[in-house]
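My questions all concern the structure below.
Computed from a predicted structure; not experimentally measured. Whatever order the structure lists ligands and atoms in, that order sets their numbers, starting from 1.
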Amino acid sequence: MAKKALVVYFTWTNGNTERIAQALQQALQADLLKITAPDDYHEDYDTVVRQSQEEIRRGYRPRIEPAQADLSAYDIIAIGSPTWWYSVAPPVSTFLETHDFTGKLVVPFTTNGGWPGHAINDIRKACAGATFLPDLAVKFDSTGGSQLVSSPEEINRWIQAVVKAADQQAEG
Ligand SMILES: Cc1cc2nc3c(=O)[nH]c(=O)nc-3n(C[C@H](O)[C@H](O)[C@H](O)COP(=O)(O)O)c2cc1C
């Protein structure tokens, strides 16, 4: 039976992560869930960049909406985050730490400006008990803009690899 997929993501600067989330959603015929942090990140870019360094250092976990997502209907959970200070954005950490990924097939993906750091690995570490499908760190321009630097072919290859791995899991 086909696997049911959910693509969860946070985006803040340009919708870069949203763009990748939507492409994956279409290929997997997945549901899409955007998480927001309504109390945070209302300041300008430079202020948010500065503040979030300290937040990430001390492990700040902002309140997110929705606070809880029902993952029980899904076999595959793709989790997308912009890279913030070489890690995932704090709202994604909140999501990861308040949901159970045991037995799920998890697809980590991130976007970045050229310094991907350990963001993919941080998603993997936070999903205890999950099995991982192919992941991807997608590069956008180094000035924090919306210009895609990774090749569209690389993104398509990754999406096809995820779809294929999901099909194999469904057959097995
Ligand atoms: C607070 C903050 C921290 C960032 N830290 C990094 C970083 O460590 N490495 C990197 O390559 N890009 C970094 N960036 C750039 C973003 O990862 C990149 O622009 C991303 O594609 C934005 O995705 P979005 O439009 O979905 O928010 C940072 C951006 C912000 C706002």
Query - ligand 1 N/O within reach of Val48 N/O, cut-off under 3.5 Å - result: no
Requested in this report: Report yes if Gly145 has an N/O atom closer than 3.5 Å to an N/O atom of ligand 1; otherwise report no.
Outcome: no
Report summary line: Nearest heavy-atom approach of Trp158 to Pro108 is CZ2-O, 4.4 Å
Query raised in the report: Does CD belonging to Gln51 count more than 12 external heavy atoms closer than 6.0 Å?
Result: yes
Report task. Please report which non-hydrogen protein atom sits nearest to atom 21 (O) of ligand 1, along with the residue it belongs to and the distance in Å to one decimal place. Result -> Thr111 OG1, 2.7 Å
Query - Evaluation steps, side chain to side chain contact (heavy atoms under 4.5 Å, CB included), between Phe132 and Arg124 - result: CA-CA 8 Å; Phe132 295 97; Arg124 297 172 76 104; 3.8 Å; yes
Query raised in the report: Any idea which protein heavy atom is nearest atom 24 (P) of ligand 1, and the distance to it?
Result: Thr11 OG1, 3.4 Å
Query raised in the report: For atom 3 (C) of ligand 1, what's the nearest protein heavy atom and its distance?
Result: Trp84 CA, 3.5 Å
Query - Closest protein heavy atom (residue, atom, distance) for atom 1 (C) of ligand 1 - result: Ser52 OG, 3.1 Å
Report summary line: For atom 19 (O) of ligand 1, the closest protein heavy atom turns out to be Gly144 CA, 3.8 Å
Query raised in the report: So which protein heavy atom does atom 25 (O) of ligand 1 come closest to, and at what separation?
Result: Asn14 N, 2.7 Å
Query raised in the report: Which residue and non-hydrogen atom of the protein lie closest to atom 9 (N) of ligand 1, and at what distance in Å?
Result: Trp115 O, 2.8 Å
Report summary line: The protein heavy atom nearest to atom 12 (N) of ligand 1 is Gly113 N, 3.2 Å
Query raised in the report: Which heavy atom of Ile64 sits nearest a heavy atom of Pro91, and at what distance?
Result: CG2-O, 3.6 Å
Report task. For a side chain to side chain contact (heavy atoms under 4.5 Å, CB included) with Leu6, tell me which candidate from Leu28, Leu32, Leu33, Asp70 qualifies. Result -> Leu33
Report task. Please report the shortest heavy-atom distance between Ile76 and Ala166, naming the atom on each side. Result -> CD1-CB, 3.4 Å
Query raised in the report: Has ligand 1 got any nitrogen or oxygen that is less than 3.5 angstrom from a nitrogen or oxygen of Glu18?
Result: no
**Report entry** Given Val162, Ile77, Val7, the one that forms side chain to side chain contact (heavy atoms under 4.5 Å, CB included) with Val107
**Finding:** Val162
Report summary line: In short, Val88 meets Ile123 closest at the heavy-atom pair CG1-CG1, 3.6 Å
Query raised in the report: Would one find more than 12 heavy atoms of other residues, nucleotides or ligands at under 6.0 Å from atom CD of Gln29?
Result: no
Requested in this report: Consider every N or O of Tyr45 and every N or O of ligand 1, then say whether any pair is closer than 3.5 Å.
Outcome: no
Query raised in the report: Does Gly117 have a non-hydrogen atom less than 4.0 Å from ligand 1?
Result: no
Query raised in the report: Shortest non-hydrogen contact from Trp85 to Val49?
Result: NE1-O, 2.8 Å
Report summary line: Nearest non-hydrogen contact to atom 14 (N) of ligand 1 from the set Thr83, Ile56, Asn112, Asp46 belongs to Thr83
Query raised in the report: Who gets closest to atom 5 (N) of ligand 1 by heavy atom: Phe10, Tyr9, Tyr86, Trp85?
Result: Trp85
